[in-house]
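Quick caveat, the model's predicted, so the values are computed rather than measured. Reckoned from all heavy atoms, side chains included, excluding hydrogens, waters and symmetry mates. Every chain is numbered from 1 and lettered A, B, ... according to where its sequence line falls, protein lines coming before strand lines.
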Number of protein chains: 2
Amino acid sequence: MTKMTQIGGASALPLNTILAGDCIEVMNGLPEASADLIFADPPYNLQLKGELHRPDNSQVDAVDDAWDRFDSFAAYDRFTRDWLAAARRLLKPGGAIWVIGSYHNIFRVGAALQDAGFWILNDVVWRKSNPMPNFRGKRFTNAHETMIWASRDEGGKYTFNYEALKALNEGIQMRSDWVLPICTGHERLKDDQGDKAHPTQKPESLLHRVLVGSTNPGDVVLDPFFGTGTTGAVAKMLGRDYIGIEREEAYRAVAEKRLKNVRKFDKAALEVSASKRAEPRVPFGQLVERGMLRPGEELYSMNGRHKAKVRADGTLIGSDAKGSIHQVGAACEGAPSCNGWTYWCYKKDGKRVPIDILRQQIRAEMAERPN
Amino acid sequence: MTKMTQIGGASALPLNTILAGDCIEVMNGLPEASADLIFADPPYNLQLKGELHRPDNSQVDAVDDAWDRFDSFAAYDRFTRDWLAAARRLLKPGGAIWVIGSYHNIFRVGAALQDAGFWILNDVVWRKSNPMPNFRGKRFTNAHETMIWASRDEGGKYTFNYEALKALNEGIQMRSDWVLPICTGHERLKDDQGDKAHPTQKPESLLHRVLVGSTNPGDVVLDPFFGTGTTGAVAKMLGRDYIGIEREEAYRAVAEKRLKNVRKFDKAALEVSASKRAEPRVPFGQLVERGMLRPGEELYSMNGRHKAKVRADGTLIGSDAKGSIHQVGAACEGAPSCNGWTYWCYKKDGKRVPIDILRQQIRAEMAERPN
DNA sequence: TCAGGCCCTGAATCGTGTC
DNA sequence: CGACACGATTCAGGGCCTG
């Protein structure tokens, strides 16, 4: 499967192989202007301190590997500038790069990209359908990661397969936010002890969308932080050539084994059944945020016997209970449960109208503009 | 409605007003450590092309594109550093900032925030339910903007109304991606010609979530790029004090008019689901003193696997540990910590009942007859 | 074979008040 | 200021076992 391509008669391109070593040195040893796309998942510099436990007291297996530790932002910036410069040299004139990161590092990476002369085309948000919650209730659930897509140069003739992405998205233009699950189950590679082989393995679905959208069959895709080789695996399936660079022996071994078992797709296998979505859940609070109901406004029970007042956080306060629309409704009726959506009404032009009408309005909007 | 607050007897804080002028100069004229929250929607219109001049006024030569770019990014970075420094000076020790932007500027803003000593808490993606499509089909639909939420200092005791946000989201922890429509319809302010009064007016729903989540009633919220005053309008509705700074006369005029017509929600509506941490502390010993539990009585663990005996001083003695309800619970489970209130049960009419019920009884009494 | 319950896990910058 | 003790805190999904 390994191909060697002559570039300008000078040096050869080691296609479909994993190169060992520091990515900056290795990249500088490859011929310039030889890659169509670079996908990079660099260390995030998470700066984790203590241990973290779930509410059930189990411990979170954190990313504390040596390769993710940097002495300072300045050190991380230096590292970023250096690998970006080496990467840019490798790109063909119409080439492009994707870099993924979290709020710990992505702002520094984005600024460095711009400073290096890359031209940002989009930032794309990977919205995780199943992220790890925030266990201490001190912040928002960290439910997304950010990818930056940039061309080598301003005005570069980058590849963008608009129609293919639109097809992937059920006929609607692909947006800058992608909802995809994290990598779990059988796709998640394990070592001999049954532990995860790599702490941050990316899902193939993510790379699928990246490569379908911004490369063509036969293109050369380089990944300087290859890890367990998701980029290579998806590139191979899609009929692209890959070059991986990975410093850690253990990751290279896992990736080699993985890639050996990957088969190029036939067309038919490509279509992933679009998961049909259940009726989207609409939090009652959204009616308040959107100004459809106002804090302080009175709601009336369907039977006219009870009323309650809307609060700014989307809870109700009744005569002797406060909480969600369901909880207060149940309390009013002395019932074990209650569907607040059909129980409560608001006043519109003097008439009582069920609040479920408002939920239906929001759902109608969501149906018109899905995703 | 305008309030003036004396800060340290020195200078006054012009609450609920819109200040005219350059935000950096105006901020530097206000007393330090006087704002609880800053919300900023800075400009990113860089004029990267055309009539660009270097700081020394020499015209940029079209040949050295890289320098051109460097110059303009450098100028934007300088501007960003300056207004962030002025903003940080204004924040109280437990203060925090939100900044919103797009891929054109947010990476530079994020890096500058970190460099200035702010501590990023989350990046939050505003996912637009109705974005403008990409008409030329050359990129992804730009369907989101990014907000960065950061505390003034690492370790700062920032405000986060976890329970209120969870309530807004129908009982599920609020995530870092928010789906909200853009500002249209009646909410979108128009000028006398019927054109939109401001090109980037933010929806009130966005500010509602920001302010409910990261401020308390009576807090001071400052917006250095006030525009048409969405921050002020939502702050006023929610019973927060605002300070707006805006350079453009036309925007100030629109905002003044808007704010005059905004009404504060009534008090009960502003009350928000409280966190358990805010509830009064009840020593376990009080249950024994009051005779709700008797010395010698057995307690049983929630899972039924352990038991312990109550002692007269409000400690427990288990099979192989003695101490507080928390310590003995942790020892039984071999866990690093344990909430004894929810872990231990007592027997009532043959059934196991969590001792937390008894704590709730005491708290209810305290609320009825406060000391 | 299927449904239901239990267990485990995921790029995480995840306390606070009192003495 | 540090040390110590209290006690608050999770969502989605996959695997595996049992009935």
Side-chain angles (χ1 to χ4, degrees), chain A residues 41-65 67-70 73 100-106 126 128-146 179 181-188 190 194-196 198-203 225 227 275, chain B residues 114 118-123 149-151 154-158 160 162-163 166 169-176 275-285 303 314-315 323-327 329-330 335-344 355-356 359:
Chain A
D41 183 10
Y44 286 10
N45 188 24
L46 285 187
Q47 308 165 78
L48 302 179
K49 301 213 168 66
E51 294 176 344
L52 180 65
H53 293 90
R54 298 186 179 82
D56 67 4
N57 269 320
S58 63
Q59 193 179 331
V60 174
D61 183 14
V63 180
D64 53 1
D65 306 73
W67 50 254
D68 196 51
R69 288 198 288 268
F70 293 81
F73 282 133
I100 184 168
S102 66
Y103 67 83
H104 309 83
N105 71 322
I106 198 65
W126 169 27
K128 303 178 185 182
S129 57
N130 51 348
M132 182 160 62
N134 184 290
F135 296 120
R136 309 301 297 266
K138 300 306 291 182
R139 301 184 178 192
F140 299 96
T141 308
N142 207 338
H144 74 276
E145 294 188 24
T146 301
V179 180
I182 60 176
C183 182
T184 59
H186 291 299
E187 190 186 325
R188 189 79 194 223
K190 301 293 188 336
D195 299 322
K196 57 188 174 191
H198 191 283
T200 72
Q201 186 184 339
K202 296 293 175 286
F225 307 97
S275 59
Chain B
Q114 292 178 310
F118 287 99
W119 191 246
I120 298 182
L121 299 166
N122 278 113
D123 58 339
W149 174 42
S151 58
E154 181 177 354
K157 295 203 190 314
Y158 57 90
F160 184 59
Y162 177 76
E163 292 291 345
K166 193 170 166 179
N169 196 34
E170 198 94 322
I172 293 175
Q173 182 172 97
M174 187 71 81
R175 298 168 39 118
S176 60
S275 83
K276 288 183 190 161
R277 267 184 248 270
E279 294 199 63
R281 186 170 287 205
V282 177
F284 174 73
N303 57 25
T315 59
S324 73
I325 52 174
H326 315 295
Q327 290 166 333
S337 70
C338 170
N339 184 345
W341 289 106
T342 53
Y343 181 76
W344 294 107
I355 60 173
D356 204 35
R359 180 170 66 161

5' precedence on DNA chain C between A:R54 and A:K138 (nearest-nucleotide basis): A:R54
Rounded P spacing from D:dA8 to C:dA11 in Å: 30 Å
Sugar-phosphate, base or nothing in reach of A:G50, heavy atoms under 4.0 Å: base
Pair A:K190 + A:D195: basic N to acidic O under 4.0 Å: no
Shortest non-hydrogen separation from A:K128 to A:P131 and the atoms involved: O-CD, 3.3 Å
Aromatic contact, A:F225 with A:W67 (centres under 6.0 Å): no
Most 5' of A:T184 and A:G137 on DNA chain C, judged by nearest nucleotide: A:T184
Touch class at under 4.0 angstrom, heavy-atom based, for B:I172 against every strand present: sugar-phosphate
Touch class at under 4.0 angstrom, heavy-atom based, for A:N142 against every strand present: sugar-phosphate
Sugar-phosphate only, base, or nothing, as touched by A:S129 at under 4.0 Å among non-hydrogen atoms: sugar-phosphate
Sugar-phosphate, base or nothing in reach of B:K166, heavy atoms under 4.0 Å: sugar-phosphate
Under 3.5 Å on both distances, the Watson-Crick or G-U partner of C:dA3: D:dT18
Sugar-phosphate, base or nothing in reach of A:K49, heavy atoms under 4.0 Å: nothing
Output field: ring centroids B:W119/B:Y158 closer than 6.0 Å: no
Base-pairing mate for C:dG15 - Watson-Crick or G-U, with both contacts under 3.5 Å: D:dC6
Whole-Å C1' distance, C:dC14 and C:dG10: 15 Å
Sugar-phosphate, base or nothing in reach of B:R359, heavy atoms under 4.0 Å: sugar-phosphate
Sugar-phosphate only, base, or nothing, as touched by A:D41 at under 4.0 Å among non-hydrogen atoms: base
Whole-Å gap separating P (D:dC11) and CG (A:N130): 14 Å
A:D195 CG to C:dC8 C1', straight-line distance once rounded to whole Å: 12 Å
Rounded distance in Å between the P positions of D:dG7 and C:dA12: 29 Å
Sugar-phosphate, base or nothing in reach of A:C183, heavy atoms under 4.0 Å: nothing
Sugar-phosphate, base or nothing in reach of B:E163, heavy atoms under 4.0 Å: sugar-phosphate
Sugar-phosphate only, base, or nothing, as touched by B:S337 at under 4.0 Å among non-hydrogen atoms: base
Touch class at under 4.0 angstrom, heavy-atom based, for A:P203 against every strand present: nothing
Sugar-phosphate, base or nothing in reach of A:P181, heavy atoms under 4.0 Å: nothing
